[in-house]
Engineer: 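The structure follows.
Protein chains get the first letters and strands the later ones, always in sequence-line order, with residue 1 at the start of each.
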2 protein chains.
Amino acid sequence: MAATMKDIARRTGLGLATISSYFNGGNVREKNRIKIEEAIEELHYEVNEVARGLKTNATKTVGVVIPELNNVFCAEIISGMEDILRSHGYAAIVCDCRTDKKLEKEAVDFLTRKRVDGIINMPVDMTGAHLNEFQKTGKPIVLIDRMIQGISCDCVLVDNVNAAEKAVGMLVEQQHQKIGLIGGPDEVFTARQRMLGYMKALKDHGIAVDEKLICHGDYTIQGGVQAVEELVKENPDMTAVFVTNYEMTMGAVIGLNEMGVSMPEEISLVGFDNLPFARACRPALTIVSQPTEKIARETAQIMLERLEGREELPDHIVRKLQTDIFMGKSIRRQG
Amino acid sequence: MAATMKDIARRTGLGLATISSYFNGGNVREKNRIKIEEAIEELHYEVNEVARGLKTNATKTVGVVIPELNNVFCAEIISGMEDILRSHGYAAIVCDCRTDKKLEKEAVDFLTRKRVDGIINMPVDMTGAHLNEFQKTGKPIVLIDRMIQGISCDCVLVDNVNAAEKAVGMLVEQQHQKIGLIGGPDEVFTARQRMLGYMKALKDHGIAVDEKLICHGDYTIQGGVQAVEELVKENPDMTAVFVTNYEMTMGAVIGLNEMGVSMPEEISLVGFDNLPFARACRPALTIVSQPTEKIARETAQIMLERLEGREELPDHIVRKLQTDIFMGKSIRRQG
DNA sequence: ATGAAAGCGCTAACAC
DNA sequence: GTGTTAGCGCTTTCAT
């Protein structure tokens, strides 16, 4: 068995309180400090965070619930957050819910039992029932990327309407008129926002929205492959496509490749996320680039402030970040 | 505050032991079972795993220490493992140590304090000092992908020598002689194995190993870009390259793209990992494909067996998995 | 089948 | 500054 504070007390002849005080930054006489440190060394003592957590009612652990770890956007954000959280002494329990509403609820309940101090969640859809019970504990929730109806809590978003608007705007400027959209699932917040931006850009330039040019993918690679094949087949006059997440962008590129449709000669393309991938494509892809690092940082910081911070925080913080465009060579000037 | 078992005891008029027994699959009189379940419902009771963990000396939590979450190979494996572990009631605390030996040690100590029941680790290098203290607890360690000197524990590996041999063999069969290698850091186990396979393939075909054709990258995208630029510049007679991980493969493709070197006309390429990326490239890449899903499954299963299983397990289990080759069009027949 | 009580390792009053 | 002690929420003997 591992050594306990009792062992240290016995070995040093000191009381438990002194040892505890040593670990919690209290004042301990120089002499005793040395004795304690010797004992720690010899016994290989490590604080038992479980016991501490039971007593203090704080586990120094936050739960992270995401739709798909195996998704570069998510992975980058988690990687960034975990770094910051751990450097503040917090562990991150990651739960990948496979874009499954039921698994998402189970994950939150699981984390509730584990008594995490807070939950960071990129929700599967726009409903928030899975968080209701946890919210009753009064512990903080920070949402990433997607707002939720009926849950009021902190939230770090990306300005997706604007992102899509800029992307489609660029295509229009190059004289494209028949622009396909490979959108995401209708129940996903970001998907709706990006679609909104697409429509707005068209309308602002006096181009009619054509339902036949809109395809709802499922944010997966295979979904992107299918979507682009469908769009190309159904719309011989289509000259450009806007793809609204990374996995589908990759899928669209695969689809064009395998159909032998040349880019940008036959189809121009604007994709989403993952700069290295865009650079690796031939020709390099023009893409919307999301500030994953910043999202990670903001999210972790808000969580830490709720956990450790002064109370003078607003009821719920909403942060909205802007995207960038990386200019590749996947857009051809039309006409 | 959340409800406790005491609250349920009070509400049902039963003793603590009965409630506990209910939760642990003991026999409880039908009548009482119903009363308990009603109370749970009304009080929104959820077991406090922290308290349980303190008592049972088992947190139902495993630590996962990896060099880089932001690396598709790692992300896929974690995603698969986490799924299995959670379905068995285990949480996964993920620690990304940024390929930093010091951070890796800190992560393990951190997890020790958190009293995780076991650690899964993809080690940064071939030394294992960071695990020594944890191993003294007698709790299980499962290593992924990389063996370690001086630590004897379970281990799930990929046959990297064979993988590299097959890859280079294919190039030789297409009459390539001047084959560059973009290898990994010398202190990384897999990197050495893949280099070994490269050399073995050359030797077996009577081709001399040329130091100038070997480049040690750092397993990052940018490293791949630099490596390929260097190789191409230094070796005008080089006709093919073998790249030994996904990030560098992407980097090599970017490098060739940006230098305007055509593939496979000027340079043939065999890459590593990530089938979708290989398909998205133009032309599609021929790559070595690792069985990430299987690695995840094997690792999680070994860990679970150590945690829950019968004692009749061998001292340390070593599993070695084979790779596949995905045939793209990035190899040109030479001569 | 159920209840009473001890104790897991720690923190935080409180007393000195 | 340091020691004593109660108790966080649970499991687990040991009686009954």
Engineer: Looking at residues at least two apart in the chain, or sitting in another chain, which of them share a salt bridge (charged side-chain N to carboxylate O under 4.0 Å, His left out) with B/Glu187?
Structural biologist: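 Scan of B/Glu187 (salt bridge (charged side-chain N to carboxylate O under 4.0 Å, His left out), adjacent residues dropped) gives none.
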
Engineer: Quick one, give me the B/S/- string for nucleotides 3-16 of chain D, reading 5' to 3', where B means a protein heavy atom under 4.0 Å from the base and S means that only happens at the primed atoms, P, OP1 or OP2.
Structural biologist: BB--BBBBBB----

Engineer: Please enumerate all residues that pass salt bridge (charged side-chain N to carboxylate O under 4.0 Å, His left out) together with B/Glu106, with sequence neighbours excluded.
Structural biologist: B/Lys102

Engineer: Can you name the salt bridge (charged side-chain N to carboxylate O under 4.0 Å, His left out) partners of A/Glu38, sequence neighbours left out?
Structural biologist: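 With sequence neighbours excluded, A/Glu38 shows a salt bridge (charged side-chain N to carboxylate O under 4.0 Å, His left out) to no residue whatsoever.
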
Engineer: Kindly write out the residues that satisfy side-chain hydrogen bond (donor to acceptor under 3.5 Å, both in side chains) with A/Arg306, not counting sequence neighbours, or none if the list is empty.
Structural biologist: A/Asp154

Engineer: Strictly below 4.0 Å, heavy-atom distances to any atom of DNA chain D: list the hits from residues 25-42 of chain A, or just say none.
Structural biologist: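 Listed by number, they are A/Asn27, A/Val28, A/Arg29, A/Asn32.
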
Engineer: Enumerate the residue pairs fulfilling side chain to side chain donor-acceptor pair (under 3.5 Å) with a member in residues 16-29 of chain B, sequence neighbours excluded, ordered by first and then second residue.
Structural biologist: B/Ser20-B/Asn24, B/Tyr22-B/Glu37

Engineer: Rounded to the nearest Å, what distance is computed from the OH atom of residue A/Tyr22 to the P atom of nucleotide C/dA12?
Structural biologist: 18 Å

Engineer: Check salt bridge (charged side-chain N to carboxylate O under 4.0 Å, His left out) between A/Asp117 and all other residues, then give those that pass, not counting sequence neighbours.
Structural biologist: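 A/Asp117: no salt bridge (charged side-chain N to carboxylate O under 4.0 Å, His left out) contacts found.
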
Engineer: Tell me whether B/Asp109 is salt-bridged to B/Arg113, with the criterion being a basic N under 4.0 Å from an acidic carboxylate O.
Structural biologist: no

Engineer: Do any pairs count as a salt bridge (charged side-chain N to carboxylate O under 4.0 Å, His left out) and have a residue in residues 135-152 of chain B, sequence neighbours left out, and if so which ones?
Structural biologist: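 Qualifying pairs: B/Glu133-B/Lys136.
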
